[in-house]
Amino acid sequence: MRFSQMLIPTLKETPSDAEVASHKLMLRAGMIRKVAAGIYTYLPLGLRTIKKVEKIVREEMNRAGAQEVLMPVVVPAELWQESKRWDFYGKELLRIKDRHEREFCLGPTHEEVITDMVRGEVRSYRQLPINLYQIQTKFRDEIRPRFGLMRGREFIMKDAYSFHATEESAEAEYKNMYDTYCRIFERCGLKFRAVEADTGSIGGSFSHEFMVLAESGEDAIASCDSCNYAANVEKAVARSQRYPPEEREAEKPVQRVETPGRKSVEEVTGFLKISADKLVKTLIFKADDRIVAALVRGDHEINEIKLKNILNAKELVLADQTAVEKATKAPSGFAGPVGLSGIEIYADHAVEHMANFVVGGNEKDIHLINVNTPRDFAVKGFYDLRNVVVGDHCPRCDGKLELHRGIEVGHIFKLGTKYSEAMKATFLDEKGTDNLMIMGCYGIGIGRTAAAAIEQGNDANGIIWPIPIAPFQVIVLALNIKDEQVKEAAEKIYKSLIEAGIEVLLDDRDERAGSMFKDADLIGIPIRINVGAKGLKEGNVELKFRKSPEVSLVKLDNIVKKVMEAVAA
RNA sequence: CGGGGCGUAGCGCAGCUUGGUAGCGCACCUGCCUUGGGAGCAGGGGGUCGGAGGUUCAAAUCCUCUCGCCCCGACCA
């Protein structure tokens, strides 16, 4: 392609509504433009990268034995009603009606559609296993779309669904997809980590997320410094830390203390001059229709997902002020477990090992000190209710946990029979009996993967693409296109590179050198060739890699060979 | 959904307090000049001031409503 003929509207200034590097740079590099909140148009340069990511995904999925299909974006309500997700998926599911007032939704994911198709077409164990995938536009009406392609409402996703006759087969495919995903993200040139994850609204028995490591990531991940354990913080197991009994202080008598207006952990610990690990927070939750209390140490954070799973609740929200007052008979801020009647109390493991701690008094402006359990209150049980913190023991070995941030670019689930059961997807085994198909599903955010690559590769001048997903592998700058020699040499290199199968962009614009350098850096093409009068006098052009500052002189006749080597490397 | 902020030319913004000719920089077009890190000069095009209603002789500016967008929150008692 020629720069002069391609729509690459680069911006000198950063649009004011962009926050993270990938969003700013995709806008500045002329790759995307916003149409509405969380909805974007891909411009030629942006689409090239999207297509390259898709190509890698497609090649690896095909290699893994999956077959490509394409399902509709608009899905009839009945399918979603059949799986019960019409009611459970919530507001993220964009519902629409056609002219006959029939209900549809825009597909946010396609378990229902694929299961419906497969149950109609697959009857025998002989046809299993099968893995079907598509690369398609999804719509999820996110509460708060942000960060450009990172969390859009409309986005391109590769989603795959596998169907199996046996658990072993399903698990073998899960492993196959795990390995395939590793290959995909390696080929994209990304630093990533596969972590154990919660299954969330998709459901299923176990799952892994593929996280691109980046400080701007929305997810926190915990990983062990000595073994290969890694998990999303939502899921990471906080190991109960047991102290030998002799280390526990002798129990002292409970005392009421006045703590006027002190509600938060900081206020109470500051007022009483104690550290946060001597206090126990009491959080009142509404789990479906019941009220429960959860206890965690003052310096720990409750993990609602863990609590929700323990309670087996469909919906879990923090109770509002009225409910808190009703449950504790005190204004919010003074809740505590002592004398709390009529509601179940769930405590974090860490609370079990505390002695003489501080809790709310269930009375305005009162806290209790030197509280102990089980002496002063009973709990339903001790569970893992909190988020892990740096330095926690690894649940698998004696190592310590570290925390990092990541961008979720892929997610694989072993679904089991959740959908096949709801939608009666069955097959006949060799004995002629009906069985539920066992399913797996596997997703990759295509646009998010591209955005994640930018989060991982950028500097003050712009994007630094990994070669495999760069919109072009090489950019040739004709520094002063009006100089016939320069023009001729640049054209010749351009044509030779095309013949050699290289993806090359020729900057043939009548621009000053400075502008060309700035644009080339901004759009992040990995390999740059500067063709200028200065070098040509000696028969040289310059070879420069985006990721390093060095410039090397290369003889005109050698440049194609050099570039081929660099691309292959 | 709660709180805050912003909508003025393609982009970034000023003007609004105190109503009275719609401006600046970049980008764009023409010409000259220039050509190795976003040059310079001259000329030029482009705006229902998000939308609707109201107050007023007069509204980008004041009032009401509305739409859109951004940020924070919607767990830490």
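Below, read A as the first sequence line, B as the second, and so on, with proteins coming before strands; counting in each chain starts at 1.
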Please report the distance, rounded to the nearest Å, between [atom1] in [X] and [atom2] in [N].
X      : N     : atom1 : atom2 : result
A:E142 : B:A74 : CD    : C1'   : 15 Å
A:K544 : B:G37 : NZ    : P     : 14 Å
A:D299 : B:A77 : CG    : P     : 13 Å
A:M150 : B:C71 : CE    : P     : 13 Å
A:E304 : B:C75 : CD    : P     : 6 Å
A:L385 : B:C75 : CG    : C1'   : 13 Å
A:Y346 : B:C76 : OH    : C1'   : 20 Å
A:D507 : B:G37 : CG    : C1'   : 13 Å

Side-chain N,O (A:T282) to OP1/OP2 (B:A77) below 4.0 Å: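 Checking A:T282 against B:A77: no side-chain N or O falls below 4.0 Å of OP1 or OP2.
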Using a cut-off of under 3.5 Å, enumerate the N/O to N/O pairs linking the protein to nucleotides 8-15 of chain B.
from	atom 1	to	atom 2	distance (Å)
B:G12	OP1	A:S16	N	3.1
B:G12	OP1	A:S16	OG	3.4
B:C13	OP2	A:S16	OG	3.3

Using a heavy-atom cut-off of under 4.0 Å over every strand shown, decide if [X] touches base, sugar-phosphate, or nothing.
X      : value
A:D483 : nothing
A:F285 : nothing
A:L477 : nothing
A:R28  : base
A:N303 : nothing

Donor-acceptor pair under 3.5 Å, A:D519 side chain vs B:G38 base: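 Check passes, donor-acceptor contact within cut-off.
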Under 3.5 Å donor-acceptor pair, A:K281 side-chain atoms to B:C76 base atoms: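 A donor-acceptor contact between them is present.
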Side chain to side chain donor-acceptor pair (under 3.5 Å) between A:N530 and A:K544, intermediate numbers included: CA-CA 8 Å; A:N530 301 335; A:K544 162 132 188 359; over 6 Å; no
Atom pairs, N/O to N/O, protein against nucleotides 66-68 of chain B, distance under 3.5 Å?
none

Atom pairs under 3.5 Å: protein N/O with N/O of nucleotides 29-36 of chain B:
from	atom 1	to	atom 2	distance (Å)
B:U34	O2	A:R512	NH1	3.0
B:G36	N1	A:E542	OE1	2.9
B:G36	N1	A:E542	OE2	2.9
B:G36	N2	A:E542	OE1	2.3
B:G36	N2	A:E542	OE2	2.9

Sorted by number, the residues of residues 553-563 of chain A with heavy-atom contact under 4.0 Å to RNA chain B: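 Of all residues in residues 553-563 of chain A, none places a heavy atom under 4.0 Å from RNA chain B.
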ring-ring contact (aromatic ring centres under 6.0 Å, His included) against A:Y346, all qualifying residues, sequence neighbours excluded: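 Counting only residues at least two positions away or on another chain, A:Y346 forms a ring-ring contact (aromatic ring centres under 6.0 Å, His included) with A:Y383.
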Partners passing ring-ring contact (aromatic ring centres under 6.0 Å, His included) against A:W80 (at least two apart in sequence or in another chain):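 Partners of A:W80 under the ring-ring contact (aromatic ring centres under 6.0 Å, His included) test: A:Y89.
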B:C57 pairs with, by Watson-Crick or G-U criteria that keep both distances under 3.5 Å: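 Matched B:C57 with B:G20 under the 3.5 Å cut-off.
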Paired nucleotide for B:C41 [Watson-Crick or G-U wobble; both distances under 3.5 Å]: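 WC or wobble partner is B:G31.
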